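Here the structure is a predicted model, which is why all the values come from computation and not from measurement.
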Amino acid sequence: MIFTQYYLECLSHASYLVGDETTGRAVVVDPQRDVSQYLADAGEHGLHIERVVETHIHADILSGHLELAARTGAVISYGQAAEVAFPIEPLDDHQRLVLGEVVLEILATPGHTPESISIVVREHPGDAVPYGVLTGDTLFIGDVGRPDLLAAAGYSADELARMLYRSLHTQLLTLPDATRVFPAHGAGSACGKQLSTEKQSTIGEQRATNYALQPMTEDEFVAAVTEGQPLRPAYFSFDAQRNREPHELLVEDEPPAALTLDDVVARAADGAVLLDARAPADFAHGHLRGALNVGLDGRFAEYVGDVVEPDRDIVLVGDPATAAEARTRLGRIGFDRVVGFLADPAAAAEARPDRFEPSSRLTIEQLAEARGNTPDLQLVDVRNPGETAHGTIRGALELPVPALNRLLPALDPARPTVVYCAGGYRSSLAASRLRAAGFADVSDVLGGFGAWQAAGLPVTAPPDHDHTLRNEEASDAMPKESVPEVDAAEGRRRVEGGALLLDVREPDEWTAGHAPEARLIPLGQVQARLAELPKDRTIVAVCRSGGRSASVTEALTAWGYDAVNLAGGMRAWAAAGLPVVTDDGAPGAVI
């Protein structure tokens with residue numbers, strides 16, 4: 001038997017080639033749209049692909065069934081409940097496909113979708129323990145398929161979850177424990193909520209470790225699998241429909257047409273989306289004004305599908321060397337309207353610098369400063385609900401990337417806006433989307449929530465308040481935390497009375513000038529150096545203008561320290577005529 005798993009990391013998608021060496025007959029299960037690898041491997045092993053089996057109608061990818069059928073003459077098969085607009089050979093429950101010695105048995109396993117099937121693979125007809133089972137989106141490693149994607153198609157999540165429960169218990173869990181499990185997706189897919197990074201398992205391992213397969217009633221199962229699912233990516237309904245229809249075939253690895261800057265500007269004026277697939281740092285250095293930044297190194301196609309409507313033309317304006325790859329990856333989700341790429345961005349930027357601009361990215365120190373000193377700051381968290389449930393930066397509005405286009409009118413484009421995600425990839429995307437929509441002052445955060453939290457800065461996950469923007473309502477200004485503050489004169493009096501003056505600025509700021517009595521611990525090091533701070537003395541926290549030190553004061557208070565913020569920071573200290581010195585005692589300056 002030839003059995004090959006293909007795993008597409010950027011979409012967390014697994015597909016399979018199963019062939020019989022004695023007859024040369026083979027099938028491909030759940031293919032991605034660029035199908036050359038299946039053809040190459042089949043040719044290498046002397047196999048003929050005679051059938052393409054789809055375990056269900058996919059929503060996260062545009063599948064390669066039409067491409068494979070066109071290039072091999074293969075029959076396309078789905079489960080009996082599938083409704084598509086092209087010729088197929090439906091497969092019945094417990095139907096056997098005999099390839100030779102290798103036998104495939106179809107199991108009807110509805111739940112993720114009504115037509116879902118699983119495929120039991122046996123190397124020999126009489127094998128008591130199958131080689132494995134291809135479970136599609138019915139059973140994952142560590143999870144099961146989400147049952148809530150078809151709410152708009154006449155099925156409730158409750159109905160599909162009950163189907164799923166029965167499919168698991170009457171079909172898949174009746175297989176021997178040693179049966180290998182090969183799913184259609186892994187970690188990162190939005191088709192479930194806690195998929196493993198492992199690419200295969202066994203029925204026995206899943207029976208023991210998968211939360212959804214533990215002993216529970218059907219009602220308990222429904223509650224467990226419908227709660228906490230990630231937001232459905234915006235393009236899923238588009239792909240689900242496209243997979244039901246005939247459509248143009250993908251031409252693999254062919255770059256789109258090369259365009260001049262004038263061509264690109266004209267296309268944009270006609271409604272085309274400008275898409276820059278470089279890394280966020282490169283994009284921030286300089287990019288074509290109005291471009292969206294979705295880095296090719298991440299989950300590129302998925303996030304493009306979240307922020308770009310599928311009926312719009314796309315022009316690639318980043319690195320010309322990646323244009324062919326970007327086009328193919330967009331084609332994997334059916335976004336075929338890539339009409340060209342900017343042929344020479346460097347020359348275009350030199351000739352027309354007015355068309356190009358940098359973008360603002362803030363460190364966590366700069367964000368802390370902005371939170372403390374910008375009363376009308378609009379702070380936006382674009383992570384998913386499962387992430388924000390564990391904490392957000394206080395005052396942030398939750399606007400997950402899949403809901404970005406829908407909820408954009410709830411934000412005020414006239415207010416200074418800072419966007420963050422977990423690490424900086426999605427925030428660059430979201431910030432570029434806001435700029436393209438006319439937001440005048442937009443930044444995103446380097447290192448995102450992860451950097452903020454790692455520095456010990458205050459986070460919150462209030463159980464009684466939902467910051468998620470659900471309606472097109474104007475949001476309030478950044479809430480003022482109840483951080484105790486003192487002015488410069490009072491701060492000096494407290495220091496003279498024994499308080500510690502904690503300077504949380506950066507070393508270069510300290511070197512230029514600091515208060516004689518102060519101790520330097522930069523904001524990003526405070527949590528790691530808590531042992532240096534006394535709990536039996538008041539701590540007066542200070543920075544340049546009071547913003548960073550306000551966040552540190554909030555954190556110190558939460559950790560049980562008696563801390564106050566020096567309002568106005570070292571600028572207020574110097575303005576009050578209080579001493580500012582360098583390390584050698586000479587007069588210093590606040591920078």
Side-chain angles (χ1 to χ4, degrees), residues 15-16 18 25-31 49-66 68-69 73-99 102-122 125 130 132-140 144-175 179 181-185 191 218 236-237 239-247:
S15 54
Y16 301 88
V18 185
R25 300 170 65 188
V27 303
V28 173
V29 178
D30 292 333
I49 298 171
E50 65 179 31
R51 187 183 299 267
V52 182
V53 181
E54 298 284 10
T55 59
H56 62 291
I57 297 171
H58 297 275
D60 61 307
I61 61 166
L62 191 58
S63 189
H65 49 273
L66 296 183
L68 269 178
V75 171
I76 300 172
S77 290
Y78 286 84
Q80 276 288 351
E83 297 180 359
V84 296
F86 47 84
I88 65 170
E89 185 178 293
L91 299 172
D92 293 324
D93 186 31
H94 294 292
Q95 181 175 340
R96 291 160 63 88
L97 301 176
V98 179
L99 303 181
V102 177
V103 178
L104 309 181
E105 181 184 2
I106 307 303
L107 301 180
T109 52
H112 176 65
T113 64
E115 76 284 347
S116 289
I117 58 174
S118 298
I119 305 166
V120 179
V121 180
R122 288 183 170 84
V133 56
L134 309 182
T135 55
D137 283 19
T138 299
L139 175 62
F140 298 129
V144 294
R146 62 188 296 178
D148 62 327
L149 293 181
L150 293 179
Y155 294 91
S156 71
D158 183 273
E159 290 172 323
L160 288 169
R162 294 183 187 282
M163 293 183 197
L164 183 60
Y165 179 86
R166 295 162 196 152
S167 294
L168 292 166
H169 288 274
T170 65
Q171 296 277 53
L172 293 178
L173 291 178
T174 64
L175 295 170
T179 307
V181 173
F182 298 99
H185 293 296
C191 293
E218 185 173 307
F236 268 30
S237 58
D239 272 17
Q241 183 57 38
R242 288 271 282 170
N243 275 317
R244 291 181 168 87
E245 304 168 341
H247 51 257

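The shortest distance between side-chain heavy atoms of Leu107 and His94 falls below 4.5 Å. Considering only heavy atoms from C-beta on, Asp92 stays 4.5 Å or farther from Ile106 through its side chain. Residues Leu160 and Asp148 are not in side-chain contact: their nearest non-hydrogen atoms beyond the backbone lie 4.5 Å or more apart. A 4.5 Å side-chain heavy-atom check between Asn243 and Leu62 finds at least one atom pair inside the cut-off. When side chains are defined from C-beta on, Arg146 counts as touching His112, because their heavy atoms get closer than 4.5 Å.
Remark: Asp30 CG to Ile61 CD1 distance equals 7.0 Å, nearest 0.5 Å. With values rounded to the nearest 0.5 angstrom, Asp137 atom CG is found 7.0 Å from His58 atom NE2. One distance of note links CG of Asp239 with CD1 of Ile57; it measures 12.0 Å at 0.5 Å rounding. To the nearest 0.5 Å, atom OH of residue Tyr165 and atom OG1 of residue Thr170 are 10.5 Å apart. For the atom pair CG of Asp60 and CZ of Phe236, the computed distance is 5.0 Å after rounding to the nearest 0.5 Å. Considering CG of Leu172 and CG of Leu139, their distance stands at 6.0 Å, rounded to 0.5 Å.
A donor-acceptor pair shorter than 3.5 Å can be found between the side chains of Glu54 and Ser63.
Every residue two or more places apart in sequence or in another chain that forms a side-chain contact (heavy atoms from CB on, under 4.5 Å) with Pro110 is listed here: Ala108, Met163, Ser167. The side-chain contact (heavy atoms from CB on, under 4.5 Å) search around Ala161 returns Pro147, Val222, Val225, Thr226, not counting sequence neighbours. For Arg25, the side chain to side chain donor-acceptor pair (under 3.5 Å) partners two or more places apart in sequence, or in a different chain, are Glu50. Here Ser116 pairs with Thr113 under the side chain to side chain donor-acceptor pair (under 3.5 Å) rule; sequence neighbours left out. By the side-chain contact (heavy atoms from CB on, under 4.5 Å) test, Ala69 pairs with Ile76, sequence neighbours left out. The side-chain contact (heavy atoms from CB on, under 4.5 Å) search around Glu83 returns none, not counting sequence neighbours.
Taking both residues in full, the closest heavy atoms of Ile88 and Tyr78 are given as CG2-CD1, 4.0 Å, listed atom of the first, atom of the second, then distance. The minimum heavy-atom distance between Ser118 and Val133, with the atom names listed, is CB-CG2, 4.1 Å. Closest approach of Tyr155 to Pro114, counting heavy atoms only: CZ-CG, 3.4 Å. Listed here is the closest heavy atom pair of Val29 and Thr55: CG1-CG2, 3.8 Å.
Side chain of Tyr16 to backbone of Pro183: a donor-acceptor contact under 3.5 angstrom is found.
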- Step by step, would you call Thr109 with Thr135 a side chain to side chain contact (heavy atoms under 4.5 Å, CB included)? CA-CA 9 Å; Thr109 52; Thr135 55; over 6 Å; no

- Query: Is there a side chain to side chain contact (heavy atoms under 4.5 Å, CB included) between Leu97 and Val103 once you walk through the steps?
  - Reply: CA-CA 6 Å; Leu97 301 176; Val103 178; over 6 Å; no

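The only member of Arg51, Glu89, His65, Gln95 that meets side chain to side chain donor-acceptor pair (under 3.5 Å) when paired with Ser77 is Arg51.
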